[in-house]
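Here is the structure we will look at, set down as structure tokens.
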Amino acid sequence: MRLKSIYIDGYRCLCNLNLKFEDDITVIIGENDCGKSSIIDCIELIMSPIKNVEGDDFNYKKNEIVIKIETDDMIFEKKYTKEIDGEINSHPLIAIPTESYKQSIIEMLNSSDLNLEDEKTAEKIKSLARQFGQVVRSTSNISNLREKLLSQLNECDRIENAQFPGLNSVKLGGRDFENVTYFFKEVFLKERQTGIWNEKVNDNDTIVDFVNNKLNDYSEEISHQISERGIKDKIKLYIKNLTDIVIKAEFEPKDLNFNAKVRFLENDKEINIEKKGDGTKRRITMALLEYKKEEKSDNMGNEVELYILDEPDTHLHVRAQLELFKILKDFSNNGKQIIIATHSPFIINAVKPKQIRLLYQPILNDTKVRTLSDDREVSDAILRDLGIENTFLYFSKYILLVEGETEEHFIPRMYQKLYDISIYSDLVKIINVQGIRNIYGFAKAISELTKNENLFVLMDNDAQPETLDLIEKLGLSDDNKYIIGDKEFEDSFSDDVIFSAWKMYIEDSGRTLPKNCKWTIENIKELREKCKGENDEKFSAGLKELSAGTKKFTKPIFGKALADYCKKEDLPEQLEQLLMKLNYKD
């Protein structure tokens, strides 16, 4: 079973928010206090009967919280209301099964092969009965449960007092990656906890004896697997003198709960793992996650289907963040569903654009979601083909569209020279429109992810039809269009600036302009006159011919040379205004 979507209204800053999940990996991003962790809390409120809300969880404008989760088979709805006196009412979980799911259960319950005496069949019927809100006891009659289920499925579409199905899941917050003991319990023992109470008890053992025996078996088995599968060797990379890892499961009958005590030994002497650095502890948990990735299923025969991770990258250096993501990606390739809330640019850039959900607040305490919507596969492919990093797609301050390679290389160089900072560090992305093959698809995708007022285009008076088509589809205002040059970016600069820039580039390379060289101000001026009018003569192509015999002349090289030797006062007026706009600080 997979989570398909979540709807949240009234929980902290989340009001009337719809967010869809991918079947493999969903990455939730956004600035601090935009609601990333709140979404994960809301998932847990539906999935866990012991999780509850507090008074300050209500949005300041609302006295009701509504959370809906859609799965493959059901829609689950949970409400909380806050009374005038501050009392919080938790309403029963409501479930609405899909028609196909109802029919599949009806067919199973009416099957001629159904054997109510079979233990697995009986447990499945009990589980379905609980899911559909029935009271199930150890002495419940399986035949009666079956009849009640059939009656429910045939007569109603809305189930009161429903129970979220026992979805195997692992939820880990950022600090959980540093709490090794908690990590062991969550990843290795949690999934055993649900099924262990249904195990048969023999005539000689009490439940406590039986549980302890089972947990001891599990502990020995896990300890053996950790050693056998090389996980101990991986952890030794971070604890040099490690000699053994011993797992001792501890059972508390009073609250039907158990914990995992993890002992790390160096030459049979226990290490205080809590005194290790946060980074070391996180690397250990990553090694354990990698072991878990290789484990196809648990001993109960159930696949762990969902991993919910809240900022797992905190305190991990760059390489470790990428290693963590590789492990999680392998999880998804093995059929697991991964939901990650993160600030890591490395994780953000490692996924597909369609897998990202950006949370933002157009107004305070009212979070919205930005993501690719219709034709997501097409839009995703277009953006990835252009090689635009996701951090720029979702977080750019400005996106600048240019027509040629000269300006594509000139602008970053000139920006750095003027403002002593990389244009990319200022979150400005430059895209050459010549690389865009699907104009409509690109315009649609970029408009979904970026505000139109943050999009600019730099073009000449003789702009290509494709550029004009893109501008029209983007709906850019005249204030966001910067037009320079006659036919090309290059011809917007004066003859002496062009001449001097290439001459100084040659000289700084340890060479001089050869005698009888065509690279002169007079020849550049003559070329400019020749390229004017209706003819198809290209100014940039003529400059390349004039440079023959000096150094290799390409548009990228010339763009960089022009930026290196051009002064601020040499800039065309429109270009100077554009650079100032891109550097504008709110």
Side-chain angles (χ1 to χ4, degrees), residues 398 400-426 428-434 456-463 481-514 517-532 538-584:
Y398 300 117
L400 173 63
L401 305 174
V402 299
E403 282 195 294
E405 293 179 294
T406 305
E407 52 265 50
E408 184 181 5
H409 290 82
F410 172 90
I411 290 172
R413 203 96 161 189
M414 195 69 200
Y415 191 95
Q416 176 92 43
K417 183 176 173 181
L418 290 175
Y419 305 115
D420 196 28
I421 188 172
S422 162
I423 194 169
Y424 305 111
S425 298
D426 263 352
V428 178
K429 179 64 178 178
I430 300 173
I431 300 174
N432 191 332
V433 298
Q434 291 181 352
F456 296 94
V457 63
L458 175 65
M459 59 185 184
D460 52 56
N461 282 299
D462 192 23
K481 303 172 191 173
Y482 288 81
I483 302 172
I484 65 170
D486 183 17
K487 292 183 178 179
E488 293 183 273
F489 176 81
E490 292 85 348
D491 69 35
S492 65
F493 292 85
S494 67
D495 300 332
D496 59 336
V497 168
I498 291 173
F499 169 78
S500 299
W502 190 251
K503 179 175 180 290
M504 286 188 280
Y505 169 71
I506 298 296
E507 291 173 350
D508 283 352
S509 301
R511 302 171 64 175
T512 58
L513 290 174
C517 177
K518 295 181 181 179
W519 191 264
T520 65
I521 294 179
E522 291 75 16
N523 285 342
I524 294 171
K525 182 177 181 180
E526 183 180 335
L527 173 66
R528 186 186 299 276
E529 292 299 320
K530 184 180 177 182
C531 293
K532 286 182 178 179
K538 286 286 187 181
F539 187 64
S540 58
L543 290 177
K544 183 174 182 179
E545 290 182 14
L546 294 179
S547 71
T550 58
K551 278 182 70 69
K552 181 179 180 181
F553 185 104
T554 66
K555 287 192 173 188
I557 291 174
F558 181 65
K560 293 175 183 177
L562 194 57
D564 286 344
Y565 303 104
C566 176
K567 299 175 183 177
K568 183 178 180 180
E569 55 267 27
D570 297 329
L571 293 173
E573 182 181 355
Q574 280 284 83
L575 183 55
E576 183 180 1
Q577 290 176 6
L578 172 61
L579 291 169
M580 290 174 62
K581 179 64 178 178
L582 297 178
N583 184 246
Y584 175 73

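Quick caveat: nothing in here was measured; it's all calculated off a predicted structure.
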> Quick check: are there more than 12 heavy atoms from other residues, nucleotides or ligands sitting under 6.0 Å from CD of E545?
Replying inline: no

> Counting only N and O atoms by type, is there a donor-acceptor contact under 3.5 Å from the side chain of E488 to the main-chain atoms of S540?
Replying inline: yes

>> Going by side-chain contact (heavy atoms from CB on, under 4.5 Å), Y415 matches just one of L579, D420, I430. Which one?
In response: L579

> Any side-chain heavy-atom pair from L582 and Y419 closer than 4.5 angstrom?
Replying inline: no

> Rounded to the nearest 0.5 Å, how far does CG of L575 lie from CG of D570?
Replying inline: 11.5 Å

> Does K417 use its side chain to pair, donor to acceptor, with the backbone of A563 at less than 3.5 Å?
Replying inline: yes

>> I'd like to know if the side chain of Q434 reaches the main chain of E403, judged simply by a donor and an acceptor atom lying under 3.5 Å from each other, with no hydrogens or angles considered.
In response: yes

> Excluding sequence neighbours, so at least two apart, what forms side-chain contact (heavy atoms from CB on, under 4.5 Å) with K581?
Replying inline: Y398, F456, Y482

>> Using modelled atom types and a 3.5 Å cut-off, is there a donor and acceptor pairing between side-chain atoms of K487 and backbone atoms of C531?
In response: yes

> Do you know which two heavy atoms are closest between M459 and A463, and how far apart they sit?
Replying inline: SD-CB, 3.9 Å

>> For a quick check under 3.5 Å, do W502 and S547 share a side-chain donor-acceptor pair by atom type?
In response: no

> Quick one: do E529 and K525 make a salt bridge, cutoff under 4.0 Å?
Replying inline: no

> Can you tell me how far the CG atom of N523 sits from the CG atom of L546, to the nearest 0.5 Å?
Replying inline: 5.5 Å

>> For the CG atom of D460 and the CD atom of E490, what is their distance to the nearest 0.5 Å?
In response: 9.0 Å

> Quick one: does V433's side chain get under 4.5 Å of V457's, heavy atoms only?
Replying inline: no

> Would a distance-only check, ignoring hydrogens and angles, find a side-chain to backbone donor-acceptor pair under 3.5 Å from R413 to D564?
Replying inline: no

> Atom OG1 of T406 and atom CZ of F489: how far apart are they, to the nearest 0.5 Å?
Replying inline: 7.0 Å

>> I'd like to check the side-chain contact (heavy atoms from CB on, under 4.5 Å) partners of K530; sequence neighbours left out, ordered by chain and number.
In response: E537

> Side chain of S509, backbone of R511: donor and acceptor closer than 3.5 Å?
Replying inline: no

> Would you find a donor on one side and an acceptor on the other, under 3.5 Å apart, between the side chain of D426 and the backbone of V428?
Replying inline: no

> Between T554 and I557, is there a donor-acceptor pair closer than 3.5 Å when you use the side chain of the first and the backbone of the second?
Replying inline: yes

> Of all heavy-atom pairs between A501 and Y565, which one has the smallest distance, and what is that distance?
Replying inline: O-CD1, 3.3 Å

